[in-house]
Amino acid sequence: MRFVFAISLVAATVGAEPAAAPLPIDPLWKSEAFRKTVTGSFGIDSRIEPRLTKDEEFYLDKSAEAMADEDREAAIEALAESSLLPESPAMLFSLATLRFEADEDEAAVEYFEKALELFPNFRDAHRNLAVVLVQQEKFDAAREHLSRAVELGSREGLTMGLLGYCHAVNDHHRAALDAYRLALLTQPEERQWMLGLAQALQALDRSRDAASVFQQLIEQSPEDTQAWLVQADAWIGLERPEQAIANLEFVHRAGSLDPGATVSLGHLYLGEELPALAAERYAGAVTADPPVALEKAVEAVEHLANRQHWEHARRLAELVEASEAYRPQLEDDRTDPDVLSRLHRSRALVELEDGDPAEGARLVEDWLNREPTDGLAILLLSRFRQEEGRREEAEMLLERAERDPEHAAAAHLAHGKLLVGEGEYEAAVEHLETAHELDPKESVADYLEAVRELVD
């Protein structure tokens with residue numbers, strides 16, 4: 001099973017995001033506790049395990065002897081070729097487990113299901129089938145079998161831990177927390193359950209408790225960069241960005257910080273007014289192989305431009321535009337136009353504020369030739385025309401933007417400010433009133449009142 005770890009790190013300038021996805025559970029499959037649980041021997045509880053006949057015992061012993069000699073094929077053959085197999089839930093269960101160990105998941109599911117058809121209360125078959133289903137990322141089906149195993153009396157760590165994981169995948173964080181706690185009662189050293197417990201605490205806004213659990217994991221295995229990563233989320237929840245930065249820098253210097261998280265680290269530096277370090281991390285994410293997603297790269301350019309770090313924004317935008325990895329997307333008409341628009345507007349804004357305004361205007365015009373209905377680009381071009389003293393063109397552009405419902409409020413506000421700058425207060429009031437009606441804001445209301453006083 002392959003999971004992509006989605007870190008939820010964001011700086012204050014970005015805003016909150018949903019809780020991180022559950023951490024990859026793959027390491028669990030390698031643990032000794034897991035192997036012992038899945039391949040455990042039969043007990044004597046006839047309510048949850050089928051009774052064995054002497055013939056069944058013969059074939060099961062034969063299979064076990066082959067496994068003792070590390071001959072898996074012979075062990076499988078001893079069961080698969082027996083005429084007793086179709087009617088023996090115990091043999092079907094054992095064969096399913098052998099198939100699972102041989103990475104034959106579909107065959108394992110088939111045999112576990114056949115065993116359960118013959119013996120519906122077969123507790124370990126429910127649990128082992130759930131293990132395979134989790135590996136196949138069929139979490140809802142896995143949760144049903146795990147819940148049934150619990151109903152039949154299973155309370156060991158594997159069942160409860162996997163149940164917690166299934167709940168976490170579906171954002172049932174309270175249920176996940178309870179399940180992970182029960183899992184740790186019998187498997188207190190299992191890191192996967194500790195990580196799950198900490199993530200559930202984090203998702204329930206108990207960042208302090210989550211950070212404490214993560215700290216235990218870090219102290220036990222300082223080289224485990226995953227724990228450092230997710231603890232950074234907890235530090236952000238506690239509004240301790242400096243410690244989040246320290247965690248992420250540790251992972252970065254270990255060479256394990258992916259480009260997306262590297263952009264998040266840049267956001268944190270920018271929030272701490274360290275633009276040079278932010279720009280350095282952004283550049284690292286853009287030039288990585290493979291680089292961060294284009295949308296995240298553009299987001300980084302925007303952040304620098306919005307904070308008026310013009311030179312850093314220009315250099316990063318140039319890196320994005322010169323990247324061979326991004327070029328196909330930058331030239332593809334199927335790329336999200338909003339992403340491309342944000343990049344062009346940021347580049348143009350940099351030129352307007354700290355460069356060549358004529359070049360900035362050209363960038364916006366080129367983009368509008370491709371996307372003539374981009375309201376924000378129209379507003380920006382109007383601003384360029386105002387700076388150049390070309391009022392008539394600026395007003396025509398604003399009137400064009402005013403016809404776009406999505407940007408009408410911003411266009412009327414900009415039009416009103418243009419008229420105020422020209423001393424035409426009565427005409428400005430009309431546009432400002434429309435802007436406030438379309439998008440009521442206290443700042444617009446205060447500005448409108450000040451202009452009204454000028455009219456009086």
Side-chain angles (χ1 to χ4, degrees), residues 13-14 259-260 263 266-267 270 275 278-279 282-283 285-287 290-388 390 393-411 413-415 417-418:
T13 55
V14 185
V263 168
H267 292 341
L270 204 55
Y282 290 150
V286 165
T287 57
V292 71
L294 177 61
E295 182 178 0
K296 286 293 184 181
V298 171
E299 178 185 283
V301 175
E302 281 185 310
H303 276 44
L304 289 168
N306 291 342
R307 292 295 190 95
Q308 301 183 15
H309 301 301
W310 308 120
E311 191 57 34
H312 290 309
R314 175 185 288 108
R315 290 176 182 171
L316 186 61
E318 289 171 349
L319 278 178
V320 172
E321 292 172 342
S323 169
E324 292 293 331
Y326 294 133
R327 183 160 299 157
Q329 297 175 73
L330 294 173
E331 297 175 354
D332 191 340
D333 290 337
R334 293 170 297 180
T335 302
D336 184 354
D338 178 64
V339 173
L340 299 180
S341 173
R342 287 157 53 199
L343 177 61
H344 281 78
R345 292 201 309 269
S346 294
R347 287 281 283 114
L349 185 62
V350 169
E351 296 298 338
L352 174 65
E353 299 290 352
D354 186 52
D356 183 352
E359 173 62 15
R362 185 193 66 76
L363 288 169
V364 180
E365 286 179 315
D366 286 349
W367 173 247
L368 285 173
N369 288 333
R370 180 171 168 179
E371 293 289 334
T373 61
D374 187 338
L376 290 176
I378 294 170
L379 289 171
L380 184 56
L381 184 57
S382 170
R383 183 176 165 190
F384 276 109
R385 295 302 180 235
Q386 287 178 247
E387 294 286 334
E388 294 169 344
R390 297 158 64 176
E393 290 182 49
E395 286 198 88
M396 289 176 62
L397 288 164
L398 289 172
E399 289 167 1
R400 178 176 160 190
E402 287 164 5
R403 293 193 290 271
D404 178 0
E406 185 177 353
H407 301 102
L413 178 59
H415 203 158
K417 289 182 176 180
L418 182 153

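Because only heavy atoms are used, hydrogens play no part in the values below, and waters and symmetry mates are left out as well, while side chains stay in.
- Taking the side chain as every heavy atom from C-beta outward, Tyr326 and Val292 approach each other to under 4.5 Å.
- Using a 4.5 Å cut-off on side-chain heavy atoms (C-beta onward), Glu393 and Glu388 make no contact.
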>> What verdict does the side-chain contact (heavy atoms from CB on, under 4.5 Å) test give for Asp336 and Glu295, after you've listed the backbone C-alpha separation in whole Å, the side-chain angles of each residue and the deciding distance to 0.1 Å?
In response: CA-CA 9 Å; Asp336 184 354; Glu295 182 178 0; 5.8 Å; no
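- Between Arg383 and Leu352, the closest heavy-atom pair is NE-CD2, 3.3 Å.
- Note: Leu294 CG to Arg327 CZ = 13.0 Å, rounded to the nearest 0.5 Å.
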Arg342 and Asp338: CA distance, side-chain angles, deciding distance, side-chain contact (heavy atoms from CB on, under 4.5 Å) verdict: CA-CA 6 Å; Arg342 287 157 53 199; Asp338 178 64; 3.4 Å; yes
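- Under the 4.0 Å criterion applied to side-chain N and carboxylate O atoms, Asp366 and Arg370 are not assigned as salt-bridge partners.
- Taking the side chain as every heavy atom from C-beta outward, Leu316 and Val286 approach each other to under 4.5 Å.
- How far CG of Leu270 is from NE2 of His309: 5.0 Å, rounded to the nearest 0.5 Å.
- More than 12 heavy atoms of other residues, nucleotides or ligands lie within 6.0 Å of CD in Glu399, so this atom counts as buried by the packing criterion.
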Exercise. Going through the checks in order, is the side-chain contact (heavy atoms from CB on, under 4.5 Å) test met by Leu343 and Leu330?
Worked result: CA-CA 10 Å; Leu343 177 61; Leu330 294 173; 3.8 Å; yes
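- Between Leu380 and Val364 the shortest heavy-atom distance is CD2-CG2, 3.9 Å.
- Looking at Arg307 and His303, their side chains never come closer than 4.5 Å, going by heavy atoms from C-beta outward.
- The side-chain heavy atoms of His344 and Asp374, taken from C-beta on, include no pair separated by under 4.5 Å.
- For the pair Ser323 and Gln329, the minimum side-chain heavy-atom distance is 4.5 Å or more.
- Salt bridge Arg362/Glu365: absent, no basic N to carboxylate O contact under 4.0 Å.
- Across all their heavy atoms, Arg334 and Asp332 have their closest contact at N-OD1, 2.9 Å.
- One distance of note links CZ of Arg400 with CG of Leu368; it measures 6.0 Å at 0.5 Å rounding.
- Here the side chains of Pro357 and Glu387 are not in contact, with every heavy-atom distance at 4.5 Å or above.
- Taking the side chain to side chain donor-acceptor pair (under 3.5 Å) definition, one finds that Gln386 meets it with nothing, sequence neighbours left out.
- Taking every heavy atom of both residues into account, Ala377 and Trp367 meet most closely at CB-CD1, 3.9 Å.
- A salt bridge links Glu351 and Arg314; the closest N-O separation between the charged side-chain nitrogens and carboxylate oxygens is under 4.0 Å.
- Classification of the Tyr282-His267 ring pair by plane angle, with boundaries at 30° and 60°, yields perpendicular.
- Leu398 and Ala414 get closest at one heavy-atom pair: CD2-CB, 3.7 Å.
- In terms of heavy-atom proximity, Pro372 sits nearest to Asn369 at CD-O, 4.4 Å.
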